[in-house]
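What you see is a predicted model, and the numbers here were worked out from it, not measured in a lab.
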Amino acid sequence: MALTMVALCWKLSICFLFYQVVSGRARREGHYVAAVYEHESILSPAPAVLVERRAALELMGRNLDIYEQQVQAAARQGAQIIVFPEDGIHGFNFTRSSIYPYLDFIPHSHSGKWNPCREPYLYNDTEVVQRLSCMALQNKIFLVATYRKHNLYFESAFDTPAQPDHAFFDTPFAGRFGMFTCFDILFYEPAVSLIRQYNLKQIVYPTAWMNQLPLLSAVEFQQAFSTAFNVNILAANIHHPTLGMTGSGIYTPVKSFIYHNMESYGGKLIVAEIPVITADYKTNLESNERFRENLHDSCRTSTSTSLDDEVCFKEQEETPGRISEKRKGKEQSPPSFYAEMMYDNFTFVPLWGEKGELQVCANSLCCYLNYQKALLTDELYALGVFDGLHTVHGTYYVQACALVKCGGLSFSTCGQEVTDATALIDFQLWGNMSTPYIFPLLLTSGITLDFADHMGWKNNHYFLSKNRTSAGLLTAALYGRWYEKD
């Protein structure tokens with residue numbers, strides 16, 4: 001029996017996995033070639049207006065023309081898999097009725113195998129499915145177009161699926177891939193649960209993400225997720241700068257190939273060869289899980305030099321518990337203040353002078369910072385803490401320790417969106433986090449990424465350290481998600 005998306009009203013388009021191993025350029029053993037395409041989709045001028053199927057197919061066909069060109073270009077470069085963004089084929093801002101003509105019929109999973117390209121006659125209203133299937137088949141490539149979404153983001157045309165969908169597929173070149181979409185990345189279901197249950201190391205991630213600095217720009221959080229779970233992520237975002245939508249990449253825990261462009265229009269194809277991460281690698285999360293069992297006697301951390309290196313603080317490095325003692329008898333600490341960041345009320349302390357040691361607390365969370373600036377600039381930085389339920393544009397519990405550049409020189413500008421900075425800073429950032437799910441953010445001037453030198457657990461605190469950022473520092477943060485308190 002065939003089920004239609006409109007009957008179910010789920011955010012479900014298609015994920016095509018028709019494939020053969022491509023015989024392109026030679027690849028190193030243990031590596032594969034991946035591609036993602038950031039697509040500037042051709043949108044309906046009136047998405048709330050109900051149109052005929054023919055008009056909907058014409059619009060989607062124009063987007064699919066671009067998809068076909070990019071699949072061919074990726075295949076010529078030896079790509080074995082390509083990921084396209086969420087909403088890239090039909091756009092967004094539909095109503096429950098106006099979405100109808102844009103929907104293909106999708107057979108139930110129990111209906112058996114079906115190749116839409118070779119068997120187009122089996123089901124009606126499958127034109128988009130057929131065309132994507134033929135792109136994948138003709139170019140001998142895995143093709144991901146989007147998939148069912150569990151955590152909707154102001155998408156009134158659709159319903160949340162009754163149960164989280166743990167979606168994955170197997171490949172001959174990199175083993176098993178997991179799939180989730182856009183807003184799902186911030187929640188336990190399906191993203192974390194999928195990775196944990198199936199021990200996945202490769203993720204495809206279609207998204208239509210609106211950047212929000214300083215903690216949730218697309219490339220910033222995509223990289224943090226890759227690092228936290230020690231997975232490869234193939235992330236394709238949609239490209240609409242006027243809506244704040246850009247930021248795609250191919251991420252490994254130690255290197256990224258990214259695209260972020262708020263200045264110009266048009267799509268961007270990223271192709272990169274990356275190593276296959278196997279289940280043998282220890283993850284930051286596995287290290288974090290030991291936190292729950294109070295097994296911190298041996299310090300397990302990860303570094304930016306290798307996927308599975310383990311390092312600990314040098315003996316002479318300070319631990320969080322010693323900061324307040326060391327500061328006793330010294331000059332008065334900078335004053336704390338409140339400012340809104342990411343719609344949450346953060347408690348901040350400013351960074352004054354060339355170097356210093358700071359502490360700021362909120363609820364059960366205390367954040368600590370040792371820092372030294374390579375040179376003095378006229379920029380204001382602050383250390384902020386938030387421990388509470390975020391309730392704007394989604395409801396979820398956050399524990400965050402964040403070193404951020406402020407928008408100006410007044411305290412009220414701390415937490416504002418900033419894209420450029422000049423200060424190069426050495427720092428060690430700690431927090432007595434109550435959750436093992438911590439995403440390390442390190443964003444530098446021009447929305448570029450940097451990698452920590454050391455990070456991990458020590459003395460019941462999670463730490464992140466860096467000797468001299470590669471560019472002016474925008475954000476260095478420990479972004480903790482306490483899923484149980486959502």
Open item on the list: Whether the side chain of W482 engages the backbone of Q399 through a donor-acceptor N/O pair (distance < 3.5 Å, no angle test) should be reported.
Closed with: no
Open item on the list: Could you check whether any side-chain N or O of R468 sits under 3.5 Å from a backbone N or O of I425, counting only pairs where one atom can act as donor and the other as acceptor?
Closed with: no
- [ ] Please report the shortest heavy-atom distance between T95 and A48, naming the atom on each side.
- [x] CG2-CB, 3.9 Å
Open item on the list: Taking the basic N atoms (NZ, or NE/NH1/NH2) and the acidic carboxylate oxygens, is any pair closer than 4.0 Å for R131 and D65?
Closed with: yes
Task: Side-chain heavy-atom pair N124, F105 within 4.5 angstrom cut-off - done: no
- [ ] Give me the one residue out of L234, V33, L269 that meets side-chain contact (heavy atoms from CB on, under 4.5 Å) with I82.
- [x] L269
Task: Atom of Q222, atom of G249 and distance for their closest heavy-atom approach - done: OE1-N, 4.2 Å
Open item on the list: Treating S193 as the side-chain partner and E189 as the backbone partner, does any N or O pair qualify as donor plus acceptor under 3.5 Å?
Closed with: no
- [ ] Classify the angle between the aromatic ring planes of H90 and F94 as parallel (below 30°), tilted (30 to 60°) or perpendicular (above 60°).
- [x] perpendicular
Open item on the list: If we ignore hydrogens and angles and just use 3.5 Å, is the side chain of Q223 paired with the main-chain N or O of T252 as donor and acceptor?
Closed with: yes
Open item on the list: Can you tell me how the ring of F173 sits relative to the ring of Y32, calling it parallel under 30°, perpendicular over 60° and tilted otherwise?
Closed with: tilted
TODO: Go through E155 and K149 one step at a time and tell me if the side-chain contact (heavy atoms from CB on, under 4.5 Å) criterion holds.
DONE: CA-CA 10 Å; E155 296 165 290; K149 185 177 184 180; 2.9 Å; yes
Task: F169 and F177 aromatic ring geometry - parallel, tilted or perpendicular at 30°/60° bounds - done: parallel
TODO: Determine the minimum heavy-atom distance between C401 and M433, stating which atoms define it.
DONE: SG-SD, 4.2 Å
- [ ] Determine, step by step, whether D420 and K405 satisfy the salt bridge (Lys or Arg N to Asp or Glu O under 4.0 Å) criterion, reporting the C-alpha distance in whole Å, the side-chain angles of both residues, the deciding distance to 0.1 Å, and the verdict.
- [x] CA-CA 9 Å; D420 296 294; K405 181 193 171 185; over 6 Å; no
TODO: Could you label the plane-to-plane angle of the F439 and F229 rings as parallel, tilted or perpendicular, counting under 30° as parallel and over 60° as perpendicular?
DONE: tilted
Open item on the list: Do L59 and Y102 have side chains that approach each other closer than 4.5 Å (heavy atoms only, starting at C-beta)?
Closed with: yes
TODO: Using a 4.5 Å cut-off on heavy atoms from C-beta on, say whether the side chain of K268 contacts that of H239.
DONE: no
Task: Intermediate values then yes/no, side-chain hydrogen bond (donor to acceptor under 3.5 Å, both in side chains), E38 and Y259 - done: CA-CA 8 Å; E38 180 161 313; Y259 179 72; 5.5 Å; no
TODO: For the pair T391 (side chain) and T395 (backbone), establish whether a donor and an acceptor sit closer than 3.5 Å, ignoring hydrogens and angles.
DONE: no
Open item on the list: Any non-hydrogen side-chain atom of H240 less than 4.5 Å from a side-chain atom of F92?
Closed with: yes
Task: Check: Q202/N232 side-chain N/O donor and acceptor closer than 3.5 Å - done: yes
Task: Heavy-atom side-chain proximity of H390 to Y343 below 4.5 angstrom - done: yes
- [ ] Take Y153 and L186 through the side-chain contact (heavy atoms from CB on, under 4.5 Å) test and state the conclusion after the steps.
- [x] CA-CA 12 Å; Y153 191 81; L186 285 180; over 6 Å; no
Task: Sole residue of Y479, F183, Y251 in ring pair (Phe, Tyr, Trp, His ring centres under 6.0 Å) with F221 - done: Y479
Task: Main-chain N/O of A75 paired with N139 side-chain donor or acceptor, under 3.5 Å - done: no
Open item on the list: Between N63 and S41, do the side chains contain a donor N or O and an acceptor N or O under 3.5 Å apart?
Closed with: no
Task: Exercise: do D426 and N467 side chains pair donor with acceptor under 3.5 Å - done: no
Task: S226 side-chain N/O to V231 backbone N/O, donor-acceptor pair under 3.5 Å - done: yes
TODO: Please name the pair of heavy atoms, one in V36 and one in A236, separated by the smallest distance, quoted to 0.1 Å.
DONE: CB-CB, 4.2 Å
- [ ] Could I get the full list of ring-ring contact (aromatic ring centres under 6.0 Å, His included) partners for Y483, not counting sequence neighbours?
- [x] Y188, Y437
Task: Backbone of V49 reached by a side-chain donor or acceptor of S98 within 3.5 Å - done: no
Task: T160 OG1 to L152 CG distance, which is reported to the nearest 0.5 Å - done: 4.0 Å
Open item on the list: Is it the case that the side chain of R53 and the backbone of L103 share a donor-acceptor pair, with hydrogens and angles ignored and the cut-off at 3.5 Å?
Closed with: yes
Open item on the list: Using side-chain heavy atoms (C-beta onward) and a distance below 4.5 Å, is N151 in contact with Y396?
Closed with: no
TODO: Mind running side-chain contact (heavy atoms from CB on, under 4.5 Å) on L57 and V128 for me, showing each step along the way?
DONE: CA-CA 8 Å; L57 287 174; V128 174; 4.3 Å; yes
Open item on the list: Whether the side chain of N115 engages the backbone of C117 through a donor-acceptor N/O pair (distance < 3.5 Å, no angle test) should be reported.
Closed with: yes
Open item on the list: Tell me the closest heavy-atom pair linking Y123 and Q130, and the distance in Å.
Closed with: O-NE2, 4.4 Å
- [ ] For Q163 and H150, test the side chains for any donor-to-acceptor distance below 3.5 angstrom and give the result as yes or no.
- [x] no
TODO: Could you tell me whether the side chain of M455 reaches within less than 4.5 Å of the side chain of Y462, counting heavy atoms only?
DONE: yes
Open item on the list: Here's a test for you: under side-chain contact (heavy atoms from CB on, under 4.5 Å), which of D450, L441, V418 qualifies with L474?
Closed with: V418
Task: Check: F180 ring centroid to F225 ring centroid under 6.0 Å - done: yes
Open item on the list: Any non-hydrogen side-chain atom of V219 less than 4.5 Å from a side-chain atom of S256?
Closed with: no
Task: D184 with R148: basic N within carboxylate O range, under 4.0 Å - done: no
TODO: Measure across R176 and D170 and return the closest heavy-atom pair with its distance rounded to 0.1 Å.
DONE: NE-OD1, 2.8 Å
TODO: Evaluate the criterion side-chain contact (heavy atoms from CB on, under 4.5 Å) for residue pair I438 and L464; output intermediate values, then yes/no.
DONE: CA-CA 11 Å; I438 300 165; L464 176 72; over 6 Å; no
Name each donor-acceptor pair under 3.5 Å that joins a side chain in residues 203-215 to protein atoms two or more places apart or in another chain, with its distance.
from: Y205; atom 1: OH; to: C182; atom 2: O; distance (Å): 2.6
from: W209; atom 1: NE1; to: L216; atom 2: O; distance (Å): 3.0
from: N211; atom 1: OD1; to: A218; atom 2: N; distance (Å): 2.6
from: N211; atom 1: ND2; to: G244; atom 2: O; distance (Å): 3.0
from: N211; atom 1: ND2; to: T246; atom 2: O; distance (Å): 2.7

